[in-house]
Protein chains: 4
Amino acid sequence: MNVNAPLVPGPKWTRKPQARPDEVLEAALDVFAANGFAATRMDDIAKAAGLSKAAIYLYFPSKDDVFKALVEQRIGVVQSHFDAAAKDQKHDPLAGLQRAIRLWANSFHDLRLAALPRIILAEALRFPELADFYHRTVIERTQASLIELFQAGIDKGLFRPVEPLVAARALMSPLMFEILRRQAFPAHIPPLSMDELVDSIFDLFLKGLAMPEVENHSGVAP
Amino acid sequence: MNVNAPLVPGPKWTRKPQARPDEVLEAALDVFAANGFAATRMDDIAKAAGLSKAAIYLYFPSKDDVFKALVEQRIGVVQSHFDAAAKDQKHDPLAGLQRAIRLWANSFHDLRLAALPRIILAEALRFPELADFYHRTVIERTQASLIELFQAGIDKGLFRPVEPLVAARALMSPLMFEILRRQAFPAHIPPLSMDELVDSIFDLFLKGLAMPEVENHSGVAP
Amino acid sequence: MNVNAPLVPGPKWTRKPQARPDEVLEAALDVFAANGFAATRMDDIAKAAGLSKAAIYLYFPSKDDVFKALVEQRIGVVQSHFDAAAKDQKHDPLAGLQRAIRLWANSFHDLRLAALPRIILAEALRFPELADFYHRTVIERTQASLIELFQAGIDKGLFRPVEPLVAARALMSPLMFEILRRQAFPAHIPPLSMDELVDSIFDLFLKGLAMPEVENHSGVAP
Amino acid sequence: MNVNAPLVPGPKWTRKPQARPDEVLEAALDVFAANGFAATRMDDIAKAAGLSKAAIYLYFPSKDDVFKALVEQRIGVVQSHFDAAAKDQKHDPLAGLQRAIRLWANSFHDLRLAALPRIILAEALRFPELADFYHRTVIERTQASLIELFQAGIDKGLFRPVEPLVAARALMSPLMFEILRRQAFPAHIPPLSMDELVDSIFDLFLKGLAMPEVENHSGVAP
DNA sequence: TATGAATGAGCCTTCATTCAT
DNA sequence: TATGAATGAAGGCTCATTCAT
């Protein structure tokens, strides 16, 4: 199912029934990812799409709308993978967690997708509705999935009874941040691959930094 | 190019010995924090500083340089607090860590400061030199301090022998990310104060999510 | 840089295949001739061309390039006339010389053309490449043509064996200078028409100022 | 006698009695010669004069006036040399002519002086009064001197009875033009020194290009 | 006399957007 | 559906000029 199906006209940006709009967004993703929003010119998008600048306006009423449509179209994809993976395995929260995180991290192997959070971060001030949309669609749903898993783990006695939201952020942030870092500082290639980082973080996140002995048999507790 | 070079050439962005440059930077911080880099006009900064646009150019040769000067002025402060706190207490890595993190987090109580990392992450593509500068000045030094602390903790047998860089990122990212989140999604006020988050994250980071029993003597549970 | 590059890239200053660029140059000639380079604003050119300022940039990437294109377009014409006339008649150097000089002088009946050498003179410091271009395209070629003619005349025993380059300059300079003078001091209208001046100069140049008797058979005087 | 004597306040640009104005003009000559009028900034002049920009305005009410004062101060010098040399020797017009021309050419060994005619020619449109001043002070007086000499030569039977004005221009233009050329095309060093050129031109100017036999007694030659 | 500080006006250039075809 | 052509509205930067000190 084409997200841009003519049956469901986009809320704001009107489009014709052909595939063109998707081609435009495909091109726009390239250019926005490479240059960011402000630095991207309609000319760039047009050239990347093999169209004239004016033609873009047949499908999207403004540059803002191209951007919004793009985010709406793409952001969901990343999130849905995660969502599915997480919900599948509530019976084994730990495995579900690991699988979801790995899938989610993999989806950013397309670096252009990794650019979207960065751009949203940058442009959130100028596109509050878009930021809201992103928060609702991606962040909240991801958190919800994670929280469910954490709660299940806690209920099963696998996890310590921590605040699930804090845990969710503690787990996701290092990975999310790594994605931003790689874009902002491409010159400073990180020492670990993304996959390795995922596992390292996951392990550290589960076991903690502190030496277990220190925590455990001080059996002398009050 | 710059005919109005000051008598005492600054490191890169020239300035006169008076207080004006600082006033300009103060104003610039306001405006950049509110609008980001690209969307900020020199006129805005000038107006905020109570000066004419041309006057700004008496102190800084370009918009870029205003931004760089601002980063150099402000980021260093944040970073140095951290640096000092961390280095102070190498004998007690755990306390040092906690103190450094808290101080560092506190420095962002001025939300305008929190805008700087956001802008750098967002605009790094357009300002590679700036991103490099930030990486060198802030990230690398912060990491170095943290790594020292972690290594000291590991050497003392307080911490598990993890990769210090990964640990550093695991600890800092949730906090850094929280700072970004609060700017991008001000509508979604987080449930915890920054201080609470710091402590929660710190605790979770140390002890890990997993139930200790599960990890240590499997099966001996009640 | 120039996103609006034309389908057929011009030699240096890009242009669209239509007549517009020529119209712009026509207008630019008017304005540059009247105001010089520095004092001419893009708005002036645009207005003279019946276009908006931005439209000029569809055809020329900068003010400099408008000027360069104008020079390239117009200067060559003047020079080529001269060139052809000179080369045509190597068998009769004297007639060829006279014809070439006259044609060349006539081409400046369009006073706007006369402005170009003036502007180049004025702006040579700011446009060294342009000055070079002018020197190569116009001065050197004109000199080459003249030198050929002079050498032919010398070889044929018509001219005294002088340094051809010196002769070329001795002949051209008074005319070139007259063109500059008429622009700089329009209030001081010269007593002779350009055509008359050409003939007078030519005659004086050939026969010299000195009384022939004085030089030849001294003592035969009355 | 200082031209800028306080006794005779300049017609438009007021000045204080010290030597400062002359120092400013000295500096201005450097900068105008190097950059032309439009491209010279008051800052440049100030820096060259070792003063602040504002101080310049104590002596000259505007950039235009600095330029005017400079031209008025300097242009006369060149001309007066010429003038004197020419008038001295009316009894021997040929020697007077040669001496005057040589002196005049020598005065441009200071290349900054050579810049003045160039700038006037270039900027005459923007400074009509100045152009008039130059014409009256320099051109007309130089021409008058030359014409006197020529007329004397003609009267004495040394020169052919040509139009003295035309002759004056025929003689001066190649030299004047050479001065302009050297500024505009410094890359194309001329093959002759200025002194050599003066003599060559002078010789050619006197004897003419044509073979004497051809002109005088056709066919009677050996 | 001298200047540091400041500015108004202006100019080149860019770019999202429009429209006739 | 598509585009070539055009533009209004900025925005960064410059510079001659002013003025309080």
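Protein chains get the first letters and strands the later ones, always in sequence-line order, with residue 1 at the start of each. None of the values given here were measured: they were computed from a predicted structure.
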Counting heavy atoms from C-beta on, name the nucleotide in dT13(E), dA16(E), dT3(E) closest to the side chain of K63(C).
-> dT13(E)
Can you list the stems that include DNA chain E, where a stem is three or more consecutive Watson-Crick or G-U pairs with distances under 3.5 Å?
-> E:2-21 with F:2-21
Value rounded to 0.5 Å, distance of CZ in R118(A) from CG in L113(A) | 12.5 Å
Worked verdict on K53(A) versus I45(A) for side-chain contact (heavy atoms from CB on, under 4.5 Å) = CA-CA 8 Å; K53(A) 197 170 26 170; I45(A) 298 175; over 6 Å; no
Choose from dT18(E), dT7(E), dG4(F) the nucleotide whose nearest atom is closest to any side-chain atom of Y57(A).
-> dT18(E)
Tell me which residues in residues 38-47 of chain C put a heavy atom below 4.0 Å from DNA chain E, sorted by number, or none.
-> T40(C), R41(C), M42(C)
Calculate, to the nearest 0.5 Å, the distance between atoms NZ and CG belonging to K63(C) and D65(C) respectively.
-> 12.5 Å
Salt bridge check: are K47(B) and D44(B) linked by an N-O gap of less than 4.0 Å?
-> no
Round to the nearest Å and state the distance from R20(A) atom CZ to dT1(F) atom P.
-> 9 Å
Whole angstrom is fine here: how far is it from CG in L58(C) over to C1' in dT7(F)?
-> 9 Å
Any N/O pairs under 3.5 Å between the protein and nucleotides 19-21 of chain F? List them or say none.
none

Go through the steps to decide whether L70(C) and L116(C) satisfy the test side-chain contact (heavy atoms from CB on, under 4.5 Å), and finish with yes or no.
-> CA-CA 9 Å; L70(C) 177 61; L116(C) 288 182; 4.2 Å; yes
For the pair made of CZ in F60(D) and C1' in dA2(E), what is the distance, rounded to whole Å?
-> 16 Å
Quick one: which of dA5(E), dT18(F), dT3(F) gets closest to the side chain of A55(A)?
-> dT3(F)
Side chains of R20(D) and L51(D) in contact at under 4.5 Å (non-hydrogen atoms) | yes
Derivation of the side-chain contact (heavy atoms from CB on, under 4.5 Å) call for N35(D) and L125(C) | CA-CA 7 Å; N35(D) 303 333; L125(C) 286 170; 5.7 Å; no
Who pairs with E26(C) by salt bridge (charged side-chain N to carboxylate O under 4.0 Å, His left out), at least two apart in sequence or on another chain?
-> R74(C), R112(C)
Give the rounded distance in Å between these two atoms: CD of E23(C) and P of dA5(F).
-> 12 Å
Gap between atom NZ of K68(B) and atom CG of L25(B) - 0.5 Å precision | 14.0 Å
Rounded to the Å, how far apart are D65(B) CG and dT14(F) P?
-> 11 Å
Please give, in whole Å, the distance from dC15(F) P to F37(D) CZ?
-> 13 Å
By ring pair (Phe, Tyr, Trp, His ring centres under 6.0 Å), which residues pair with F67(D), not counting sequence neighbours?
-> F32(D), F37(D), F127(D)
Separation between CG (D43(A)) and OG (S52(A)), nearest 0.5 Å, reads 9.5 Å
Expressed in angstrom and rounded to an integer, what is the separation of L51(D) atom CG from dT1(E) atom P?
-> 11 Å
Name the residue closer to the 5' end of DNA chain F, choosing between K53(C) and D64(B) according to the nucleotide with the nearest heavy atom.
-> K53(C)
Residues in salt bridge (charged side-chain N to carboxylate O under 4.0 Å, His left out) with D132(B), at least two apart?
-> none
For the pair made of CD1 in I56(D) and C1' in dT1(E), what is the distance, rounded to whole Å?
-> 13 Å
